[in-house]
Amino acid sequence: MASGARHIQVTLPDGTSRRVPEATAAGDALTGPGGSLPREVLAVRVNGVPTDLATALREDASLEPITFESPLGKEVYRHSSTHIMAQAVKELFPSAQLAIGPAIEEGFYYDFGFERPFTPDDLEKIEARVHDIQKANHPFKRMEMPRQEAIRFFRERGEKYKVEILESINDETASLYSQGDFIDLCRGPHVPSTGRVAAIKLLSGAGAYWRGDERNAMLQRIYGTSFPTQAALDAHLAKLEEIKRRDHRKLGKELDLITIQDEIGPGLVLWHPKGAMIRLLIENFWREQHLQAGYELVYSPHVARLDLWKTSGHVDYYRDNMFVPMKVEASEYQLKPMNCPFHIMIYKSHLRSYRDLPIRYGELGTVYRYERTGVLHGLLRVRGFTQDDAHLFCRPDQLETEVSRVLDFTFLMLRTFGFSEFEVFVSTKPEKAVGSAENWAQATQALVAALNGRGVRHQIDPGEGVFYGPKIDIKIKDVLGRAWQCSTIQIDFNNPERFGLAYTGEDGKAHQPIMIHRALLGSIERFFGILIEHYAGAFPTWLAPVQARVLSITDKQREYAEAVVGQLRGAGCRAEGDLRNEKVGFKVREAEKAKVPYMLVVGEREMQGGTVSVRGRSGADLGAMSPAAVIDLIRADVAKATPARQPAP
RNA sequence: GCUGGCGUAGCUCAAUCGGCAGAGCAGCGGUUUUGUAAACCGCAGGUUGGAGGUUCGAUUCCUCUCGCCAGCUCCA
């Protein structure tokens, strides 16, 4: 029987199915005879397996088109993009060796063995060549060969990294893709041809170790990104610009909030008055809320005997992240990397009854950790920072309720600071862990139950827990959609054991309490950095270090302007005056740059009428009103932003 | 820590091949009394991150050091 006579059955996503001749290309099978495939379709899932559109079908299959809209589609698209870039590099720099070139979150990169770093100049040339290759519209062709043959092939071409990769894989068949004269080892799939990638931009070059190991050779990495339209690429580049514009290191300096100075030391933050004011507001809110939530606030010292950290296990498990101990009299003292031992010692200062539990100790505790110089980053990664820390001690039967309460509390805090999207992760028992399997199972169960009880969607990270217990991590998403991990809720089986924590139960016997570490904002420094970027420095009224600035038009309004400032301050508003001998346009400009929420212009008219002309941040004209009305405006803003706040008694 | 780039006035940035270190803004003094994003004139401001070296001469070249920035997990 002639093979052409054989037909196979294909099923489409809409449930319809049709018969096509065997060996029909997957892409053609998707449309049926006479149909033409939409350009958005880049590849196709054949029985779930991502496949080139050109691949000949051999058996019955369900087909599903892959477009850029899906994460898989983006991966295919950018993976093809990086091959195009690699071709351009090989054409311009034939001695460059191909290492790896995957798609990543928002683009792609390719690592090359090359004798020197690529310069911005090189990138420009490479990008120009990339455009030529796109225009040439070379088809991506797949071929398969036995692994040994592929090894020989790449060895002859001097591609030692490809040989290494091939030697490390188990499959006996290797797949190669070619476009034009370029051939690369690749699993695929790819878009049909180089012309299908519309807009590519090379972003930066950087060094990267072969297989991420610093003992290996340094490769030269080129990052890039690509999109199906120039408009989408431009939008992405605009977003990168926006991220730069919001950089908290830049805004922190411009708005005179914080500095990190060489003379002080890397990773150590100076809070200037305006930054300190915002911190004070955050901390005041934090303390109020904790007292309402049934926490007791404590303080602990910045150093303690090294022995304490031996008991806690930090010397064994955390030494790499600790400053070296200092010798004082006959003993050694350690700058604190964590607050927990102190809270534990407060717990231990009395005998505790089951009736006392839960006990919740909270502290804005400043800790010092030795971070390697290469990882320091503005406020986001520092060496001295203040954790909004708390340790809860409870009975096993209270665990789930306590976790639920902490969850509610966390979301309330984060929402108040303007975050409304969250990603929640539960990390379970890692291989090396303390505590019995059933303790872990029980505690993990309690975490999951608390999340489910609150209807919080979450993902499980198997084996990602800390050695001392399971945890919940919460990431917030900022206005640009970037995720930041701040909150964490961790069960600890280790410290109650090490410190011999106990409470007396109903039965008169000693029992071990369960301990929960939790931080809502994480570190005040880091959270502040995130807040600066989230708000682009334009803090909402309740957090703005200056809520209103009074701008006088001439010297004649000096006294009146001062009186307005006094009235606002008397009502608890943070107001200041700009009475300088300058034009009002200049004063407005400066107030705008300082991102003051309300500008109150006072001239002859306002002085006569006992009013101020209110200009909102970014130009809104709110008209003339009395200072009392401005106070109401500010109070309404504050009340709206902090619904959790109870009126003071 | 490793690789690469960078470090000049308070800030943002110039300075050709190794040849007297400069501008704008900010600051200070004066003029101007001003209506919603920059009035005008003038003055002052520096051990070019630090130490050493090469040179008649170093911001520039070399070595060391401190700091900053990017990258260093995402499997062809």
Side-chain angles (χ1 to χ4, degrees), chain A residues 75 79 82-83 86 98-106 108-111 116-120 147 150 154 159 161-169 171 174-177 183-188 203-223 244 247 249-250 253-254 256 259-267 320 370-378 549 551-558 578-595 599-606 613-622 624:
Chain A
E75 193 182 321
H79 193 193
T82 201
H83 272 232
L98 301 169
I100 58 168
I104 51 176
E105 186 90 13
E106 301 210 291
F108 57 83
Y109 67 79
Y110 211 111
D111 285 346
R116 61 171 177 84
F118 292 107
T119 63
R147 188 166 67 108
F154 284 108
E159 297 287 4
Y161 297 107
K162 294 294 172 189
V163 172
E164 246 191 76
I165 291 162
L166 279 163
E167 281 171 343
S168 69
I169 62 176
D171 304 351
S175 60
L176 280 67
Y177 276 81
I183 298 183
D184 194 2
L185 177 66
C186 181
R187 218 175 253 153
L203 297 171
S204 58
Y209 299 101
W210 171 235
R211 301 200 149 152
D213 188 330
E214 68 189 38
R215 287 166 304 191
N216 288 340
M218 170 68 60
L219 305 174
Q220 300 306 327
R221 175 171 298 181
I222 302 176
Y223 283 95
K244 247 195 230 164
D247 192 316
R249 292 166 300 184
K250 185 166 167 279
K253 200 194 282 180
E254 278 173 17
D256 199 14
T259 51
I260 296 171
Q261 301 178 22
D262 201 358
E263 291 83 345
I264 311 291
D320 288 351
Y370 173 73
E371 299 281 359
R372 297 190 303 168
T373 51
V375 304
L376 296 173
H377 183 87
R549 188 181 283 180
L551 315 180
S552 60
I553 303 246
T554 76
D555 281 347
K556 294 198 185 78
Q557 295 89 42
R558 169 173 286 275
D578 183 350
L579 313 180
R580 291 174 302 168
N581 175 11
E582 296 286 353
K583 298 176 75 163
V584 74
F586 182 74
K587 295 184 184 184
V588 166
R589 175 184 154 82
E590 300 230 311
E592 284 288 354
K593 284 198 339 191
K595 302 186 192 291
M599 280 157 254
L600 315 180
V601 176
V602 299
E604 189 60 25
R605 284 202 300 275
E606 289 79 6
S613 284
V614 183
R615 177 189 162 111
R617 192 158 49 190
S618 66
D621 182 1
L622 305 181

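The structure displayed is predicted, hence computed values, not measured ones. Lettering of chains follows the sequences in order, A, B, ..., and the numbering in each one begins at 1.
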Q: Counting any heavy atom closer than 4.0 Å, what does A/E105 reach on the DNA or RNA strands: base, sugar-phosphate only, or nothing?
A: nothing
Q: Expressed in angstrom and rounded to an integer, what is the separation of A/R589 atom CZ from B/U36 atom P?
A: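 Going from CZ in A/R589 over to P in B/U36 covers 15 Å.
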Q: Report the residue (A/E592 or A/V375) whose heavy-atom-nearest nucleotide on RNA chain B is the more 5′ of the two.
A: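 Counting from the 5' end, the first nearest nucleotide belongs to A/V375.
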Q: What are the two closest heavy atoms between A/E371 and A/L376, and how far apart are they?
A: CB-CD2, 3.8 Å
Q: Looking at A/R249, I'd like to know whether one of its side-chain N or O atoms comes within less than 4.0 Å of OP1 or OP2 on B/A70.
A: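 Answer is yes, contact under 4.0 Å.
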Q: Please map the stems of RNA chain B, keeping only stretches of three or more Watson-Crick or G-U wobble pairs with both distances under 3.5 angstrom.
A: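 Stems for RNA chain B, defined as runs of 3 or more consecutive pairs: B:1-7 with B:66-72, B:10-13 with B:22-25, B:27-31 with B:39-43, B:49-53 with B:61-65.
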Q: Apply side-chain hydrogen bond (donor to acceptor under 3.5 Å, both in side chains) to A/Y177 and list each qualifying residue two or more places apart in sequence or on a separate chain.
A: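 For A/Y177, the residues satisfying side-chain hydrogen bond (donor to acceptor under 3.5 Å, both in side chains) (neighbours in sequence not counted) are A/D52, A/R142.
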Q: A/P266 has a side chain; which of B/G35, B/C68, B/U33 sits nearest to it?
A: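 Nearest listed nucleotide: B/C68.
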Q: Rounding to an integer number of angstrom, what distance separates B/U12 and B/A26 when you compare their P atoms?
A: 15 Å
Q: With respect to the side chain of A/Y223, which nucleotide from B/G35, B/A38, B/C72 is positioned closest?
A: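 Nucleotide nearest to A/Y223's side chain: B/C72.
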Q: Counting side-chain heavy atoms from C-beta on, which of B/A38, B/G35, B/G71 comes nearest to A/R221?
A: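 Shortest atom-to-atom distance from the side chain points to B/G71.
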Q: List in chain and number order the residues that pass salt bridge (Lys or Arg N to Asp or Glu O under 4.0 Å) with A/R589, two or more places apart in sequence or in another chain; answer none if no residue qualifies.
A: none
Q: A/G374 near the nucleic acid: base, sugar-phosphate alone, or nothing, with a heavy-atom cut-off under 4.0 Å?
A: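 Here A/G374 touches the bases of the nucleic acid.
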Q: Please give the distance between the P atoms of B/C17 and B/C74 as a whole number of Å.
A: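 Per the computed distance, 42 Å lies between those P atoms.
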Q: With RNA chain B as reference, determine whether A/K556 or A/G619 sits nearer its 5' end, using the nearest nucleotide of each.
A: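 Closer to the 5' end of RNA chain B: A/K556.
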Q: What is the separation between atom CH2 on A/W210 and atom P on B/C75, rounded to the nearest whole Å?
A: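 Distance check: A/W210 CH2 to B/C75 P gives 12 Å.
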Q: Pick base, sugar-phosphate or nothing for A/S613, based on heavy-atom distances below 4.0 Å to the nucleic acid.
A: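 Answer is base: heavy atoms of A/S613 come under 4.0 Å of a base.
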Q: Any protein N or O atoms within reach of nucleotides 3-13 of chain B? Criterion: under 3.5 Å, listing atom names and distances.
A:
residue, atom, partner, partner atom, Å
B/U12, OP1, A/K253, NZ, 3.3

Q: A/E75: what forms a side-chain hydrogen bond (donor to acceptor under 3.5 Å, both in side chains) with it, not counting sequence neighbours?
A: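 Not a single residue meets the side-chain hydrogen bond (donor to acceptor under 3.5 Å, both in side chains) criterion with A/E75.
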Q: So, is A/Y109 close to the B/C74 phosphate, meaning a side-chain N or O under 4.0 Å from OP1 or OP2?
A: yes
Q: Identify, with sequence neighbours excluded, every residue that meets salt bridge (Lys or Arg N to Asp or Glu O under 4.0 Å) alongside A/E604.
A: none
Q: Write down the distance between CG (A/D256) and P (B/A26), rounded to a whole number of angstrom.
A: 16 Å
Q: Please state the P separation for the pair B/G50 and B/A58 - nearest whole angstrom.
A: 15 Å
Q: Say you pick atom C1' in B/G18 and the same atom in B/U48; how far apart are they, in whole Å?
A: 15 Å
Q: Under 4.0 Å, heavy atoms only, any strand: does A/E164 hit a base, just the sugar-phosphate, or nothing?
A: nothing
Q: Restricting to side-chain hydrogen bond (donor to acceptor under 3.5 Å, both in side chains), what partner residues turn up for A/R187, sequence neighbours left out?
A: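 Partners of A/R187 by the side-chain hydrogen bond (donor to acceptor under 3.5 Å, both in side chains) criterion come out as none, since no residue qualifies.
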Q: If I pick the C1' atom on B/C25 and the same atom on B/C20, what distance separates them, to the nearest angstrom?
A: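 Their C1' atoms lie roughly 26 Å apart.
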Q: Looking only at atom P, what distance separates B/G49 and B/G7, rounded to whole Å?
A: 8 Å
Q: Using a cut-off of under 3.5 Å, enumerate the N/O to N/O pairs linking the protein to nucleotides 42-48 of chain B.
A:
none

Q: Using the C1' atoms only, state how far B/C13 lies from B/U8, rounded to an integer number of Å.
A: 9 Å
Q: Can you tell me how far P of B/U36 sits from CG of A/L551, to the nearest Å?
A: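 For the pair A/L551 CG and B/U36 P, the rounded distance is 12 Å.
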Q: Does A/E105 CD have over 12 foreign heavy atoms under 6.0 Å away?
A: no
Q: Roughly, in whole Å, what's the span from CD1 in A/I104 to P in B/G71?
A: 10 Å
Q: Looking for any heavy atom pair under 4.0 Å, which part of the strands does A/Y161 touch: base, sugar-phosphate only, or nothing?
A: nothing
Q: B/G24 and B/A15: how far apart are their C1' atoms, nearest whole angstrom?
A: 15 Å
Q: Closest to the A/V588 side chain: B/A26, B/A37, B/C74?
A: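 So the side chain of A/V588 is nearest to B/A37.
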Q: Let me confirm one number: the NZ-OG distance from A/K595 to A/S618, rounded to the nearest 0.5 Å.
A: 9.5 Å
Q: Heavy atoms only, 4.0 Å cut-off, all strands: where does A/E254 land among base, sugar-phosphate and nothing?
A: nothing
Q: Run the side-chain hydrogen bond (donor to acceptor under 3.5 Å, both in side chains) test against A/D555 and tell me which residues pass, sequence neighbours left out.
A: none
Q: Categorize A/V584 for me: base, sugar-phosphate, or nothing, with a 4.0 angstrom heavy-atom threshold over every strand shown.
A: sugar-phosphate
Q: Can you name the ring-ring contact (aromatic ring centres under 6.0 Å, His included) partners of A/Y110, sequence neighbours left out?
A: A/F112
Q: Could you tell me whether A/E164 and A/R211 have a side-chain N and a carboxylate O separated by less than 4.0 Å?
A: yes
Q: For A/E592, which residues count as a salt bridge (Lys or Arg N to Asp or Glu O under 4.0 Å) partner, sequence neighbours excluded?
A: A/R615
Q: Can you measure A/D578 atom CG to B/U33 atom C1' for me and round it to whole angstrom units?
A: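 Whole-Å distance recorded here is 14 Å.
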Q: Is the shortest side-chain N/O distance from A/H377 to OP1 or OP2 of B/A70 below 4.0 Å?
A: yes
Q: What are the two closest non-hydrogen atoms of A/K162 and A/A99, and how far apart are they?
A: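 Heavy-atom minimum between the residues: NZ-O, 2.9 Å.
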Q: Take the protein atom CG of A/L376 and the nucleotide atom P of B/G71, then report the distance between them rounded to whole Å.
A: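 Rounded to the whole Å, the gap is 14 Å.
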Q: Would you indicate what A/K583 reaches in the nucleic acid, counting non-hydrogen atoms under 4.0 angstrom: base, sugar-phosphate, or nothing?
A: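 Base contact.
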Q: What integer distance in Å separates A/F108:CZ from B/C75:C1'?
A: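 Interatomic distance, CZ of A/F108 to C1' of B/C75: 18 Å.
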Q: For A/R558, enumerate each residue passing the salt bridge (Lys or Arg N to Asp or Glu O under 4.0 Å) test, keeping only those at least two apart in sequence or located in another chain.
A: A/E562
Q: Return the nearest nucleotide to the side chain of A/A208; candidates are B/G35, B/C74, B/G71.
A: B/G71
Q: What closest approach, in Å, do A/L98 and A/A86 show between heavy atoms, and which atom pair accounts for it?
A: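 Looking at all heavy atoms of both residues, the shortest contact is CD2-CB, 4.0 Å.
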